Amino acid sequence: MTSIETAERYFHLAADVMDLSSNMRRLMLTPLRQVKVQIAMHRDNGEIGTYIGYRIQHDKARGPMKGGLRYHPEVNGEEVLSLAQLMTWKTAVVNLPYGGAKGGISVDPSTLSEGEMERITRKFVDEIHDVIGPDKDIPAPDMGTGAQHMAWIANQYEKYHGFSPACVTGKPVELHGADGRVEATGRGVAIVTEAALRELRREVKGVTVAVQGFGNVGSYAALILHEMGARVVAVSDAFGGIQNPEGLDIPALMEYMKETRKVEGFPGSDACKNEDILAAEVDVLIPAAIGGVLTGENAPHVRAQLIIEAANSPVTPEADEIFEQKGILVIPDILANAGGVTVSYFEWVQNQQYFRWDIDKVRVELAKRMAEGFGKVFQIAAEKKVSPRVAAYVLGIGRVGRAIALGGI
Ligand code: GLU
């Protein structure tokens with residue numbers, strides 16, 4: 001099943017529960033605008049490199065469109081469209097005044113020098129600056145991009161439009177970024193993990209956790225859960241995994257990663273494979289890397305009681321059905337990883353007001369938004385007797401649908 005088929009399958013499951021008309025379904029699934037551009041630049045070796053960039057704007061019924069930019073070799077129009085759709089439902093689930101968008105460049109960032117990375121990013125802005133902006137569509141980091149990319153985007157955008165720090169979020173703190181944005185997605189994941197465990201009448205203290213993917217999201221989710229008293233016993237990255245049944249020292253692992261860029265060889269751990277992480281004997285499994293990792297094939301081997309979708313679309317519909325049959329609780333991406341876009345919203349608000357919040361305020365407001373979203377999703381799940389995923393879509397689609405109905409077309 002392709003990424004867009006997956007996204008639409010989940011949409012229709014909820015639309016059926018809501019009895020949504022076929023006209024509304026078509027309207028809500030059709031993206032507003034799809035931009036595909038050529039990005040040409042001089043490589044360091046004097047050759048010309050040509051790449052394809054995308055910005056897909058899915059829906060703006062609830063406000064300016066919002067979503068990250070992904071630099072990855074597998075970026076393509078269909079994947080970006082499915083991720084843009086997810087952003088529309090995600091911003092609605094946590095009740096941010098935004099629509100949804102996503103973008104990216106089909107490129108392997110590890111093949112680019114720092115200078116090439118800057119040139120490709122600025123060139124991309126040259127091609128899309130007229131369709132983005134603080135009140136139109138606000139990009140942010142995603143896989144393969146971070147604060148430095150956002151600083152280049154703001155700088156390039158401002159060459160055309162003048163001072164506008166709110167044109168992009170996830171910027172460096174020294175350049176109008178928000179304190180707490182880097183940890184935000186991981187912190188949101190930890191908050192919903194605690195709330196989901198409460199539903200299972202368990203506490204975070206002492207639960208065992210496996211994290212697949214130790215990038216920005218996975219590492220901060222592991223760190224904050226570790227601080228809350230959980231035992232993170234296995235983690236993996238693109239190169240391999242490590243485990244220690246007594247619990248890994250996550251702060252030390254994060255220090256270690258700064259030097260090595262890999263989890264492999266961390267003192268006091270044993271090596272293991274990526275599949276071992278997914279099938280680890282733990283209470284909580286957190287897929288925090290790419291989409292489509294839990295499939296109909298490996299889902300029967302999962303032993304966790306709770307799965308938190310820290311990545312976007314890590315559970316395929318086939319796997320989702322298996323988890324439902326086995327009674328494994330899955331907290332869907334559009335709720336579980338909404339912490340990132342929530343703090344992006346706080347950054348945008350601060351930029352618009354020329355006012356800086358302190359980290360405590362960011363954390364308190366994030367926890368409030370996540371708890372509200374979680375509470376609503378579980379209320380709908382109980383009322384309609386559906387899974388949290390279907391409930392989250394019902395919430396998101398319902399809010400977007402009401403905005404469309406009120407505003408008119
Ligand atoms: N890329 C992140 C996501 O998938 C964050 C988007 C944002 O901050 O706008 O939710």
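None of the values given here were measured: they were computed from a predicted structure. First listed ligand is number 1; within each ligand, the first listed atom is number 1. Along the sequence shown, the residues carry numbers beginning at 1.
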Checklist entry - Is there a donor in the side chain of Gln156 and an acceptor in the side chain of Asp126, or the other way round, less than 3.5 Å apart? => result yes
Next on the checklist: Check contact between Gly170 and ligand 1, using heavy atoms of the residue and a distance below 4.0 angstrom.
Outcome noted: no
Checklist entry - Would you call Asp135-Lys60 a salt bridge at under 4.0 Å N-O? => result no
Item to check | Lys/Arg N to Asp/Glu carboxylate O, Glu372 vs Arg369, below 4.0 Å | outcome: no
Next on the checklist: I'd like to know if Met87 contacts ligand 1, where contact means a heavy-atom distance under 4.0 Å to any ligand atom.
Outcome noted: yes
Item to check | Protein contact to atom 10 (O) of ligand 1 [nearest heavy atom, distance to 0.1 Å] | outcome: Lys90 NZ, 2.8 Å
Checklist entry - So, Tyr10 versus Trp89, ring centres under 6.0 angstrom or not? => result no
Checklist outcome for this item: Nearest non-hydrogen protein atom to atom 7 (C) of ligand 1, with distance, is Ala140 CB, 3.2 Å
Checklist entry - Can you list the steps and then say if Arg363 with Glu183 is a salt bridge (Lys or Arg N to Asp or Glu O under 4.0 Å)? => result CA-CA 10 Å; Arg363 287 178 178 164; Glu183 64 166 34; 2.9 Å; yes
Item to check | Main-chain N/O of Val315 paired to Glu309 side chain as donor or acceptor, under 3.5 Å | outcome: yes
Item to check | Identity and separation of the nearest protein heavy atom to atom 9 (O) of ligand 1 | outcome: Lys66 NZ, 2.9 Å
Next on the checklist: Counting only heavy atoms closer than 4.0 Å, does ligand 1 sit against the backbone of Pro141, its side chain, both, or neither?
Outcome noted: backbone
Checklist entry - Heavy-atom contact under 4.0 Å between Lys102 and ligand 1? => result yes
Item to check | Identity and separation of the nearest protein heavy atom to atom 1 (N) of ligand 1 | outcome: Asp142 OD1, 2.7 Å
Next on the checklist: Below 30° counts as parallel, above 60° as perpendicular, anything between as tilted: where do the rings of His161 and Tyr157 land?
Outcome noted: parallel
Checklist entry - What do we get for Val343 next to ligand 1 when only non-hydrogen atoms under 4.0 Å count, side chain, backbone, both or neither? => result neither
Checklist entry - At a non-hydrogen distance cut-off of under 4.0 Å, which region of Arg181 contacts ligand 1 (side chain, backbone, both, or neither)? => result side chain
Checklist outcome for this item: The atoms of ligand 1 lying under 4.0 Å from a heavy atom of Gly67, numbered in the order shown, are 9 (O)
Next on the checklist: What protein heavy atom lies closest to atom 8 (O) of ligand 1? Include the residue and the distance to one decimal.
Outcome noted: Ser344 OG, 2.6 Å
Item to check | Derivation of the salt bridge (Lys or Arg N to Asp or Glu O under 4.0 Å) call for Glu365 and Lys368 | outcome: CA-CA 5 Å; Glu365 293 293 328; Lys368 215 195 287 178; 3.5 Å; yes
Checklist entry - Which of the atoms of ligand 1 are close to Asn312, meaning less than 4.0 Å from one of its heavy atoms? => result 4 (O)
Checklist entry - Is any side-chain N of the basic residue among Arg9 and Glu321 closer than 4.0 Å to the acidic one's carboxylate O? => result yes
